[in-house]
Structures are given as structure tokens and as C-alpha cells.
Amino acid sequence: MTSPDAPSMPARRPGQITRRLCAAVLLGQAISVFFGALVAWQLDKALGGGTGDLLLWGGSGLAVLCLVAAGAMRSRVGLLLGWLCQVLTLASALVLPAMVVVALLFGLLWWVCVRHGLRIDAERARLAAQAG
């Protein structure tokens, strides 16, 4: 159940607070995912798996997607790409199980930032409408 004053998805684009909070989460996530890709690459090299380059490129691609999503936060597309980054980071735990910790931490941060960012932006808009 949601309360009547619960924020919904923005009609046009996320507000300034939502953009800043979510972009900060995605930037941190990009760094963590890239380091996870380096770990997977080196583990594969050490164990002689032969797919290390693919793991490195895949993880680097996910890190770039996080950066693109952070840059796209001025529109609803940024929020959708951000959610996609969260799902793909969780899926990366299939390759490197330690990534489940990264996925859960950044997924929780993402959810909190979206939820509270939208609420703060809605409150700021309401206060601006009352003042103006």
C-alpha cells in the first residue's frame, strides 16, 4: 500500500535532488563493477578458464552503462537505465559470486535515492508553488 502523498514516477524528468543522488550512486557503482571485472579477469587467468577477456569486456561494458545512466539522469531514460544497471549487476553475481554484495548494497542505495529524491523534489516543487 502506498500513502496518498507517496511520490510516483515523474511525469517528465527527475528533479535536481533525484538526479544528483542517483548519479552519485551510479558513479560509485561503475567503479565497483569495473574493479569486479578486473577481479573476475584475473581469477580466470589464474585458474586457466580462457574466458577472462570476455569477463573483462562484459564488466567494463556494465561500468560504462552505469556512467551513461548517470549522464542520462536528466530524463526518465536515466532512471530506467539505472534500474537496468541494478539488475545486470545482480546478474553478474552468476560469474563472480562476491558481486551479490555489491549488487545488494548499490541496489539498496539506488532504491533509497530514487524514493527519497523523488519525495524531496516533489516537496520542493510544492513549496515553490506555494511561495510563487
Problem set entry | Contact summary for Ala30 and Cys66, nearest pair of heavy atoms | CB-CB, 3.7 Å
For this session: Begin with the C-alpha distance, continue with both residues' side-chain angles, and end with the deciding distance and a verdict on side chain to side chain contact (heavy atoms under 4.5 Å, CB included) for Leu79 and Arg19.
Result: CA-CA 9 Å; Leu79 284 175; Arg19 288 193 314 259; over 6 Å; no
Problem set entry | Transitive ILVMFWY side-chain link Leu81 to Val64, under 4.5 Å | yes
Exercise. Taking it one step at a time, do Leu104 and Leu108 satisfy side chain to side chain contact (heavy atoms under 4.5 Å, CB included)?
Worked result: CA-CA 6 Å; Leu104 291 176; Leu108 178 64; over 6 Å; no
Problem set entry | Spatial distance of atom CG (Leu38) from atom CG (Leu43) [nearest 0.5 Å] | 11.0 Å
Problem set entry | Heavy-atom closest pair, residues Leu26 and Cys85 | CD2-CB, 4.3 Å
Exercise. Under the 3.5 angstrom rule, does the side chain of Asp121 hit a backbone N or O of Thr18 as a donor-acceptor pair?
Worked result: yes
Exercise. If Ile, Leu, Val, Met, Phe, Trp and Tyr residues are connected whenever their side-chain heavy atoms lie under 4.5 Å apart, and connections chain through other members, are Leu96 and Leu88 in the same group?
Worked result: yes
Exercise. Out of curiosity, does Leu62 fall in the hydrophobic cluster containing Val68 (side-chain heavy atoms, cut-off under 4.5 Å, transitive links)?
Worked result: yes
Problem set entry | pair Val100-Leu90: side-chain heavy atoms closer than 4.5 Å | yes
For this session: Please assess Trp57 against Trp41 for the test side chain to side chain contact (heavy atoms under 4.5 Å, CB included), listing each intermediate value before the final yes or no.
Result: CA-CA 9 Å; Trp57 283 105; Trp41 176 54; over 6 Å; no
Exercise. Is the shortest heavy-atom distance from the side chain of Met99 to the side chain of Val33 under 4.5 Å?
Worked result: yes
For this session: To the nearest 0.5 angstrom, please state how far the CG atom of Leu56 sits from the CZ atom of Phe34.
Result: 6.5 Å
Exercise. Roughly how far, to the nearest 0.5 Å, is the CZ atom of Arg124 from the CZ atom of Arg119?
Worked result: 13.0 Å
Exercise. Does atom CZ of Arg126 have more than 12 heavy-atom neighbours, drawn from other residues, nucleotides or ligands, at distances under 6.0 Å?
Worked result: yes
Problem set entry | Residue pair Phe106 / Ser32: nearest heavy atoms and the distance that separates them | CE1-OG, 3.4 Å
Problem set entry | Minimum heavy-atom distance between Asp44 and Gly52, given as atom pair plus value | OD2-N, 2.6 Å
Exercise. Of all heavy-atom pairs between Ala40 and Leu55, which one has the smallest distance, and what is that distance?
Worked result: O-CD1, 3.8 Å
Exercise. In Å and rounded to the nearest 0.5 Å, what is the SG to CH2 distance from Cys113 to Trp110?
Worked result: 8.5 Å
Exercise. How far does CD1 of Ile17 sit from CG of Leu21, to the nearest 0.5 angstrom?
Worked result: 6.5 Å
Problem set entry | Reported CG-to-OG1 distance for the pair Leu105 and Thr89, which is rounded to 0.5 angstrom | 11.5 Å
Exercise. Which heavy-atom pair separates Pro14 from Met73 by the least distance, and what is that distance?
Worked result: CG-O, 3.3 Å
Exercise. Hey, any chance Leu84 and Val102 share a hydrophobic cluster, counting ILVMFWY side chains that come within less than 4.5 Å of each other, even indirectly?
Worked result: yes
